[in-house]
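Residue indices begin at 1 and follow the sequence shown. The structure presented is a predicted model; accordingly, all values stated were derived computationally and were not measured. Below, all heavy atoms of this structure are taken into account, side chains as well, without hydrogens, waters or symmetry copies.
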Amino acid sequence: MVAELRGDAAAQAVQLYMVYAPEPPFDAGTPASAPPEIVAAMRDSVKAITAQREVTARRVADRLGINTAGHQALQG
């Protein structure tokens with residue numbers, strides 16, 4: 001339905017966001033199978049929230065005394 005309303009790229013982005021892969025309408029349910037431009041667009045669309053989550057995780061780790069030196073955010 002998303003493909004019909006918004007186009008294939010939007011449908012693939014939704015499928016990737018949901019990690020929907022049991023019987024997908026597109027082969028885009030994981031970063032490995034989705035088209036690179038869809039993966040890049042999705043990563044870009046969640047960049048701000050991902051950065052905020054990393055800040056929060058580091059703050060929690062600091063409060064718990066967990067050393068995060070040498071750890072980097074997951075990059076695709």
Among residues at least two apart in sequence or on other chains, which ones pass side-chain contact (heavy atoms from CB on, under 4.5 Å) with A34? L16, A28, V39

Can you name the side-chain contact (heavy atoms from CB on, under 4.5 Å) partners of M18, sequence neighbours left out? V14, Y20

Sequence neighbours excluded, the answer for side-chain contact (heavy atoms from CB on, under 4.5 Å) partners of S45 is M42

Restricting to non-hydrogen atoms, name the atom on A61 and the atom on T68 that form the minimum distance, rounded to 0.1 Å. CB-CG2, 3.6 Å

For A51, the side-chain contact (heavy atoms from CB on, under 4.5 Å) test, sequence neighbours excluded, returns none

Suppose the criterion is salt bridge (charged side-chain N to carboxylate O under 4.0 Å, His left out): which pairs have a residue in residues 44-53, not counting sequence neighbours? D44-K47

Heavy-atom closest pair, residues A3 and D8: CB-OD1, 3.7 Å

Heavy atoms only: give me the nearest Q15-G29 pair and the separation to one decimal. NE2-N, 3.1 Å

Could you list who else is in V55's hydrophobic cluster, with ILVMFWY side chains joined at under 4.5 Å, directly or through other members? none

